[in-house]
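The structure under discussion appears below in the form of structure tokens.
Proteins come first, then strands; the chains are lettered A, B, ... in the order of their sequence lines, and each starts at number 1.
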Amino acid sequence: MERQMIWSIVTLGGLGVLFGALLALAARFFAVESDPRVEEIAEVLPGANCGACGYAGCQNFAQAVVEGKAAVDSCIPGGSETAEAIGKILGQDVEGREPVVAAVFCIGDREKASSKFIYFGIEDCRIAEEYGGGFKDCPYGCLGLGSCVAACPFDAMRMGPDGLPEVDRDKCTGCGLCKEACPRGIIRMIPREERGHLVLCNSRDRGRAVSRACQVGCIGCRACVRACPEEAITMEENLAVIDLDRCNDCGECVPKCRPGCIIPRKGPATGVEATETKTISA
Amino acid sequence: MAVSIATFKGGVHPEYFKELTASLAVTPVEPPKQVVIPMLQHIGAPCEPLVKPGDRVLVGEKIGESEAFVSAPVHATVSGEITAVAPHAHPSGQMIEAITIESDGEDSWEQPAAVEFDWEKLSPDEIRRRIREAGIVGLGGAAFPAHVKLAPPEDKPIDTVILNGAECEPYLTADHRLMLEQPQQIVTGLLIMLKILGAGRGIIGIEDNKADALRVMRQEIEGRPELKVASLRTCYPQGAEKMLIEVTAGRTVPAGGLPMDVGVVNHNVGTALAIARAVTEGRPLVERVVTVTGGGVARPANLLVRIGTRVGDLLELCGGMKEDTGKLIIGGPMMGLSQPHPDIPVVKGTSGITVLSDEEFELEEATACIKCAKCVDSCPVNLLPLFLAEAAEHGLIERAEKYRAADCIECGCCSYICPARRPLTQWIRLAKAEVLKRRRQR
């Protein structure tokens, strides 16, 4: 009995030692050369695999950065912090990009914007856009079926009660996937810093067509352009556009806007948070 | 005589409802007081208007033309004055530039420019030119310019022309009536096509639920050994290009390929008729047969109407839409496009106007996929609709491409058969559009 036990232990133990030695040798001879920096960089990346950098995922991006194929500051969600961390690993100096956040440039919700017909199709803006050019009278306004919400890998968007998407600026990393998902180009990336006013409308139609389709659409009356002391507002295809670098938040334009689509991001005068800055209470 | 019942793999058997209009002769409709003629009624480049408001035109006068090869000119369909050149609602759902003509009530026609009307004396190039000038496009619904299909590249010889008289779309009977009423013209159109292409064989494919049309067409081709009428099993989508070629000619069009890759050109019977009239009478495409049908109209009918006639006017002519209308569709219920309002013109590709009553139109909530694979069995092009739709739903475009989203013919069999009522075709359409977009970017 004892003999059998000893032999078993010796045999199995011996096999273990033998295989261990073989593995050790294999690891030496068949080793795959890898750059330890790839792992280090992957470590500091957000790890959401959002693809905003143009690579399939964070690991691929890390590999590309080490190989010099991707720029150090290409990780948009990670922002300047990540860029600096990557720069440290690679021994480069990095100037971070200005952090951005997504904003929905439409406030024509179900009540304020009218519809051409009842849409029965599946809940996807890109499909709805194909059928009859979208069910809203306004061909530029938000369809509210949430393709952007579905595209957000950071859980930073959700559909609001009024049928318009809301951005949670704390969670938004500015990756821009929502912007690409929107068939109407309603979402734009704007500086993260809460300054300036926004014209929350996307309609390029002429005034009469706009007011027929939506109560809060920019009718291109130019009242805001005339009111602005800084000359920060220009008209682009019947739509007022505010240059955020020039806007000094004086708020002169807000009372002049008849449809009321100019909203301060966080105006000193009002202190009201604009649509795009709404935070989501859990 | 032995009855061959040819069919393809897959497909579905929806109720056909053709009895509503199948026995009604085509009724010509008076030229309307006003027509709206869109500049885009075909696949390809849109036309540029050749007229401006205030101009007077005759019936058959060319009012829109494009220099692109894949395009077809458009003609005035009433005589009178041009009142507007502006974007107008189009059955595709987009706003498309259109010419509005106010009729003078005289219906005076432009004299055809051609002098020789015996097609056997004309050269193939001259016939092709006349077909293009007449603005003829595929009248089955896709509206692909006819002259383009009839001008294959030299390295792709064509030996077979197939005429599509399957009319597998439920409700519609326009082609059925044409085959009964004008078989001679249809055969002439087919012979003209054989001549242009130098093809030795012509096949007319007809579903076996149209026994009278089969009989009439068989009589018409007697004494012409190069022509054949094929009886096809009644099964949707028997009339889809790839299915029809497989069944009648026994050739499989490769994925991503065209019928000419297997030596075949495929045209609708209505197109053959239009070609015959363009070549032998010099008559441009200004009218077509439209089936107005469905439980939502009081008096369903097959109408011969001028292109540009308002759909709403035709519905009124048929007794108007009933109170309980559930859906207005241009085309048939399987592949047609649902419309928000009837203020749209009949275009070259409008084969039918289907008004479904609330009873016929039911909206059911989609539930979870139970992986029964009925969609796989029904798919005529051997795709896996459930996985494709799943990939599209989750934005996995690469996976959708791997599952061959681009090969979908959008026939709608999968959505029709799905017991969970999942909108599979819609999702696959999205995936297909995204895949094709990516391919163009590459």
Step through the shown structure and confirm whether more than 12 heavy atoms of other residues, nucleotides or ligands are within 6.0 Å of CD on A/E111.
no
Taking a cut-off of under 4.5 angstrom between non-hydrogen atoms, the residues of residues 85-98 of chain B near chain A are B/S92, B/G93, B/Q94
A/R188 CZ: over 12 foreign heavy atoms closer than 6.0 Å
yes
Gap between atom OG of B/S338 and atom CZ of A/F117 - 0.5 Å precision:
7.5 Å
Residue from A/E130, A/E123, A/K116 scoring the most non-hydrogen pairs under 4.5 Å with chain B is A/E130
Just checking B/R404: does its CZ atom have more than 12 heavy atoms from other residues, nucleotides or ligands closer to it than 6.0 angstrom?
no
Checking an interface table here. Which of residues 419-427 of chain B come within a heavy-atom distance under 4.5 Å of chain A?
B/P423, B/Q426, B/W427
What part of A/Y119 gets within 4.5 angstrom of chain B, counting heavy atoms only: side chain, backbone, both, or neither?
side chain
Can you confirm whether more than 12 heavy atoms, excluding those of B/K432, are under 6.0 Å from its NZ atom?
yes
Neighbour count above 12 (heavy atom, 6.0 Å) for A/R206 CZ:
no
Tell me whether the count of non-hydrogen atoms from other residues, nucleotides or ligands lying under 6.0 Å of NZ in B/K322 goes above 12.
yes
Take a 6.0 Å sphere around CD of A/E67 and say whether it holds more than 12 heavy atoms from other residues, nucleotides or ligands.
yes
Checking heavy atoms, do the side chain of B/E434, its backbone, both or neither come under 4.5 Å from chain A?
side chain
